[in-house]
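Here the structure comes first, spelled out in structure tokens, and everything after it is commentary.
In listed order, ligands and their atoms are each counted from 1.
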Amino acid sequence: MTEQITLRAPDDWHIHLRDGAALERTVGDAARQFRRAIVMPNLVPPVVDAEDALFYQLRIREQIPEGNPFEPLMVIYLTDRTDAEVVKLAHEAGVIAAKLYPAGATTNSDSGVTDITNIYPALEAMQECGMKLLLHGEVTTSDIDIFDREQVFIEKTLSRLVEDFPTLKIVLEHITTAHAAEFVQNARDGVGATITAHHLLYNRNHMLVGGIRPHYYCLPILKRGYHQSALIEAATSGNPKFFLGTDSAPHAQGKKETACGCAGCYTAFAAIELYAEAFERAGRLDKLEGFASEFGPDFYGLPRNEDTITLVKQPWALPQSLDMGGEPLIPLAAGETLNWRLA
Ligand SMILES: NC(=O)N[C@@H](CC(=O)O)C(=O)O
Ligand SMILES: [Zn+2]
Ligand SMILES: [Zn+2]
């Protein structure tokens, strides 16, 4: 008999779906395995208020396959001009979080916040209404080495935010270092972190040894193996502060395989299978359900999904290439064999 595991249906607490012609691909892939997803607002121009979020949500909904219960959860993008009124209106429209991108930190972050104190009134309002703060946790000053940017953000910005807003719920997104795992573990209640499948499966050697592999390039950048081990330990520990967020971030093949390639890995095609691979390698498949399906909704104060998914142990190869709105898109781990497959 084929080995199989059944899990409460999972959600993705951090995904990039993009817009327009890309949505058929990205929404279809996400909806195949996740019931809900927190949709990042870094479009060009970004999703900055209730109106933008509701229109974007409509465009996403149009691409949900017939009969699929997928629910996109919306986020606004904090800029230097986001004030308490914007937050209040977004909250009333059902927007569940706001995202802080330090200006210039990552893909489409040019409109991001230049000085955190500019948005203190907005953060005050978020704390009051229960809207979550999601962080791309990297500093952007040129004197800080790219491999240290997460650690310095934690020391300079996050530790201060956690104290200045003692009841604000904060998620440090896509953590990549032992420092981040340790900080979140020891932080007050209401501070959590998402972890991607690629940061569990890979370290910087995978990206840089034997040739430079642009499909592994994402931000925050893959770190050394020591940090990868700390992330695996955190994700598979059963600590509810750590939960699933793929950070699946598609860029067409031509934008990755070029002299100045974009940051982002497309993992949505096989996200839950990639996580299963990482948890199995750690000998902790039994911890996947909490991480993928329980701790996220608990953190956000939303009900856990009632239905289930089944993964079967049946090796299969990821396709070499996908289509995204007429352009080739290379999924992470293209052509590689995974052990688990969504039934
Ligand atoms: N993670 C990435 O490398 N890229 C993301 C942006 C982000 O989440 O930082 C993207 O939008 O492409
Ligand atoms: Zn980010
Ligand atoms: Zn992201």
Among protein heavy atoms, which sits nearest to [atom], and what does the distance come to when rounded to 0.1 Å?
| atom | answer |
| --- | --- |
| atom 1 (N) of ligand 1 | D247 OD2, 2.7 Å |
| atom 4 (N) of ligand 1 | A263 O, 3.1 Å |
| atom 3 (O) of ligand 1 | L219 N, 2.8 Å |

Measuring from non-hydrogen atoms of [X] to any atom of ligand 1, is the shortest distance under 4.0 Å?
| X | value |
| --- | --- |
| N42 | yes |
| H174 | yes |
| H14 | yes |

Do L222 and Y275 share a hydrophobic cluster (ILVMFWY, side-chain heavy atoms under 4.5 Å, transitive)? no
| Given the rule in the ring-ring contact (aromatic ring centres under 6.0 Å, His included) test, do H227 and H179 qualify, once you have shown the distances and angles that lead to the verdict? | CA-CA 8 Å; H227 294 290; H179 315 288; 5.5 Å; yes
At under 4.0 Å between heavy atoms, what of R18 touches ligand 1? The answer is side chain
Worksheet item: Looking only at heavy atoms, is any part of H251 under 4.0 Å from ligand 1, and if so is it the side chain, the backbone, or both, or is it neither?
Response: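 Under 4.0 Å from ligand 1, H251 contributes side-chain atoms alone.
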Ligand 1 and [X], any nitrogen or oxygen pair closer than 3.5 angstrom?
| X | value |
| --- | --- |
| K99 | no |
| A249 | no |
| T106 | yes |

Using 2.8 Å as the threshold, say whether any N, O or S atom from E173 sits that close to the Zn ion (ligand 3).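 Short answer: no, not a single N, O or S atom is under the cut-off.
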Nearest N/O/S atom of H174 with respect to the Zn ion (ligand 2), by atom name, please.
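Result: NE2.
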Of all N, O or S atoms in H136, the one closest to the Zn ion (ligand 2) is ND1
query: Would R25 and D323 count as a salt bridge (Lys or Arg N to Asp or Glu O under 4.0 Å) if you check the C-alpha gap in whole Å, the side-chain angles of each, and the deciding distance to 0.1 Å?
result: CA-CA 7 Å; R25 163 97 266 149; D323 174 84; 5.8 Å; no
Fill in: Ionic contact status for E327 with K256, cut-off 4.0 Å
no
Checklist entry - Salt-bridged, R304 to E294, with N to O below 4.0 Å? => result yes
Q.
Does the Lys NZ or Arg CZ of K169 fall within the cation-pi geometry relative to F299 - under 6.0 Å from the ring centre and within 45° of the axis?
A. yes
Practice task
Establish, yes or no, whether the cationic atom of K287 lies under 6.0 Å from the six-membered ring centre of F291 and within 45° of the ring axis.
Solution key: no
Within the side chain of E273, is there an N or O that forms a donor-acceptor pair under 3.5 Å with the backbone of L311?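 Flag not set: sc E273 to bb L311 has no pair under 3.5 Å.
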request  = Name the orientation class of the two ring planes belonging to H14 and H174 (parallel below 30°, tilted from 30 to 60°, perpendicular beyond 60°).
outcome  = tilted
In ligand 1, the atoms that come under 4.0 Å of a heavy atom of C218 are 3 (O)
Fill in: Chi angles and distances behind the salt bridge (Lys or Arg N to Asp or Glu O under 4.0 Å) call for K132, E173
CA-CA 12 Å; K132 280 70 184 169; E173 301 284 351; over 6 Å; no
Rounded to 10°, the NE2/H14 to the Zn ion (ligand 3) to OD1/D247 angle comes out at 90°
